[in-house]
Amino acid sequence: MSLKQQIDSMNMNEIVDLCIDQEQQAIHLYTMARDQAKDEHAAIKFQELVDMETAHKVALQKFELENYLDLPPADLKVTDYLMEPVFNENLSTQEILILAAKREDKTAKMYQDLANHFTSDKKLNTFFQMMADEELRHKHNLETEYEKEFLQEG
Amino acid sequence: MKREQPQSFNTISVKERLIIPRQVMPEQDPLLRSGNFLEVNLGLSAEQAVIEAQRCIECKSPSCMDGCPVSIKIPDFIQLICNKDFLGAADKIKEDSSLPAVCGRVCPQETQCEEVCVVGKRFEPVAIGRLERFVADYAMLHSNGSPVTPDKPQPSGQKVAIVGSGPAGLAAASDLIKEGHEVTVFEALHEFGGVLVYGIPEFRLPKKILRQEVANLEAMGVKFVKNFIVGRSMTIQELMEEEGYDAMFLGLGAGLPRFMNIPGENLNGVYSANEFLTRSNLMRAYEFPEWDTPLYRAKHAIIVGGGNTAMDAVRTAKRLGAEEASIVYRRSEEEMPARNEEIHHAKEEGVKFMNLVNPIEFIGDEQGSVVAAKCLRMKLGEPDESGRRRPVPMEGSEFTMDIDMVVIAVGNGSNPLISQTTPAIKTNKWGNIIADEDGRTSMEGVFAGGDIVSGGATVILAMGAGRKSAIAINEYLKTKVWSVV
Ligand SMILES: Cc1cc2nc3c(=O)[nH]c(=O)nc-3n(C[C@H](O)[C@H](O)[C@H](O)COP(=O)(O)OP(=O)(O)OC[C@H]3O[C@@H](n4cnc5c(N)ncnc54)[C@H](O)[C@@H]3O)c2cc1C
């Protein structure tokens with residue numbers, strides 16, 4: 001069964017749980033990466049990502065989504081064409097930022113796809129749109145950081 | 001504290017001064033110079049320097065000094081030039097700057113002293129940089145080739161190690177030797193000067209200037225050790241504990257090239273700006289075959305970036321014989337961090353500017369050599385934190401162009417060697433050493449300054465940081481009091 005078909009048969013609470021599960025997977029991945037990272041600053045960066053995803057998960061759990069009503073900032077696409085690094089314990093901060101931005105991009109696309117699928121269901125459509133926008137906001141923040149540090153052009 | 005107005009030697013009325021045109025510095029002809037590595041700017045003549053100095057209107061509160069990161073006493077040295085006391089003017093600059101012949105050539109004056117020059121509000125600003133260069137060159141020439149050595153101070157009995165011979169390290173060494181300490185500079189490369197020799201090309205900054213500066217320091221008693229990588233040849237602890245250094249200054253620079261992380265960056269013919277410029281400058285590729293360092297003579301070389309490094313690389317590629325040499329830059333010319341003069345010179349020399357273009361892949365042939373670049377066209381969006389408008393890709397704008405050489409000049413990071421071998425020295429998440437404003441690091445007796453602390457910046461800021469640390473090191477050696485960072 002595809003994700004869309006699954007969602008068709010779910011109620012709103014179950015859908016939110018599914019999204020929470022998505023966030024939990026990310027938290028798990030970043031926590032593992034944090035614990036394995038050899039470089040202290042890479043570990044700190046992964047912790048920041050854990051914090052970001054945890055905040056999102058908590059908001060979903062409490063269904064506090066008002067903060068997410070703002071339109072997302074422009075998609076800078078800074079990392080779209082970059083090579084995706086493979087997870088390993090020696091990732092540099094540059095690679096971590098690429099990896100995380102790409103992950104946010106993929107999740108945003110998944111939610112956007114769902115929002116587009118459920119256009120006739122206003123509630124679901126708004127919910128997924130908000131989720132997609134939030135992921136894009138994360139991507140924007142990561143890419144802003146990337147641009148500032150790794151594309152100084154000096 | 002109120003500044004004392006320097007003695008005026010200008011006899012011309014302010015009104016008349018304002019109609020004197022800014023003196024044009026002679027340059028090598030663009031066509032000629034794009035085929036040689038000789039210096040492009042030829043410097044003002046003494047007559048021109050005096051006329052230019054007379055353009056200064058002697059403001060009561062001169063803003064030019066505020067624009068200078070090391071507060072050179074600009075109005076004072078300009079008046080000395082009006083009085084034709086060129087050596088006096090050079091001494092005045094030396095009170096605040098250790099490397100005037102360098103800074104007179106490479107400082108971005110248009111965004112520093114000259115940007116805030118009061119004359120510049122209505123007319124062209126006084127050419128402070130050109131005047132600085134003139135007096136520094138004059139002083140070098142009139143010391144008859146023999147170094148200017150102040151009287152030797154009483155030996156303090158203390159030893160200081162300087163790691164890195166860039167502007168930060170040289171400035172620190174110069175101030176510390178005057179205090180009677182035993183000063184040794186350790187340099188990883190086989191020439192001294194840091195970016196000033198391995199990065200900035202001969203046509204912008206002749207190496208003989210650095211050699212003279214180093215010779216001056218040697219004559220003052222500074223010891224120079226080359227091909228010595230601190231962290232590999234010996235660690236910081238070993239130098240302190242086994243070699244008995246009482247204090248250390250780390251002026252390691254930001255020499256680790258950054259790449260774009262796009263496909264094809266490991267193809268033959270794709271260089272980091274660092275490697276490309278080092279091969280040309282330090283290993284004399286430009287004198288091939290007399291010097292045994294080949295560098296490919298490209299049909300079309302593209303240089304990715306818009307800073308001074310990119311301009312140096314593109315102008316070097318042109319001089320090495322590239323039929324076409326282009327800058328490929330994500331933003332527009334307005335956002336380019338390179339000095340205006342470098343952009344202007346590059347254009348005169350026939351460099352092509354492909355602005356608002358971003359490579360997304362390099363394509364190779366069967367031998368693994370780069371043959372094409374896939375690029376996207378960009379448009380400018382909202383401004384970022386730095387106020388520069390952000391480039392965003394244009395949908396469906398992808399195109400491919402034939403190229404056979406790429407130089408990546410998107411910035412540099414810091415080398416992790418020291419942080420890996422000396423964990424006691426704390427670094428931030430970008431690998432820069434954490435230091436207080438006098439350069440104290442988290443390890444007692446160890447100071448740091450320049451690009452390794454600030455990230456890639458400018459020569460004058462690195463030099464200023466070296467001098468600030470020298471004062472703090474001196475204080476530390478006297479008191480042995482250490483405040484924890
Ligand atoms: C191509 C290029 C062009 C530039 N153009 C300009 C310009 O026009 N104007 C301007 O103001 N700025 C310019 N800059 C920036 C400027 O050169 C730097 O900000 C400045 O040189 C920094 O000085 P520094 O002393 O901190 O380090 P550096 O000049 O980088 O010197 C550091 C030195 O430390 C040595 N070193 C590093 N690690 C070790 C170790 N472990 N053991 C021993 N030695 C070590 C290195 O080999 C190097 O020689 C340019 C930079 C580049 C790359």
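Quick caveat: nothing in here was measured; it's all calculated off a predicted structure. Chain naming here is simple, since letters A, B, ... match the order of the sequence lines and numbering starts at 1 in each.
- A perpendicular orientation is assigned to the rings of A:H138 and A:H56, their planes being inclined by more than 60° (bins at 30° and 60°).
- With hydrogens and angles ignored, the 3.5 Å screen pairs no side-chain donor or acceptor of B:T441 with any backbone N or O of B:I425.
- Contacts between B:L376 and chain A at a heavy-atom distance below 4.5 Å involve the side chain alone, from C-beta outward.
- Neither the backbone nor the side chain of A:E84 comes within contact range of chain B; no heavy atom of the residue lies under 4.5 Å from a heavy atom of that chain.
- Looking at A:D75, the atoms closer than 4.5 Å to chain B (heavy atoms on both sides) all sit in the backbone: N, CA, C or O.
- Listed for the B:N281 side chain is a donor-acceptor partner under 3.5 Å among the backbone atoms of B:G199.
- Annotation: maximal heavy-atom pairing with chain A below 4.5 Å, among B:E265, B:R331, B:E382, occurs at B:R331.
- Heavy atoms of B:Y329 lying under 4.5 Å from chain A belong exclusively to its side chain.
- A salt bridge between B:R330 and B:E335 is absent, with no side-chain N of the basic residue lying under 4.0 Å from a carboxylate O of the acidic one.
- Looking only at heavy-atom pairs under 4.5 Å with chain B, the residue among A:H41, A:Q94, A:E40 that has the most is A:H41.
- With a 4.5 Å cut-off on non-hydrogen atoms, A:L82 touches chain B through its backbone and its side chain both.
- By the 4.0 Å N-to-carboxylate-O rule, A:E145 lies close enough to A:K45 to be salt-bridged with it.
- Using a 4.5 Å cut-off between heavy atoms, B:N428 contacts chain A through its backbone alone, with no side-chain atom that close.
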side-chain hydrogen bond (donor to acceptor under 3.5 Å, both in side chains) assessment of B:T278 paired with B:E275: CA-CA 5 Å; B:T278 305; B:E275 179 188 350; over 6 Å; no
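- Heavy-atom distances place no part of B:S419 under 4.5 Å from chain A, backbone and side chain included.
- Under a 3.5 Å cut-off, the side chain of A:E143 and the backbone N or O of A:K77 do form a donor-acceptor pair.
- Under a 4.0 Å N-O distance rule, the pair A:E23/A:K57 does not qualify as a salt bridge.
- If you measure heavy-atom distances from A:T144 to chain B, the contacts under 4.5 Å come from both the backbone and the side chain.
- The most heavy-atom pairs under 4.5 Å with chain B, out of A:L76, A:V78, A:D80, come from A:L76.
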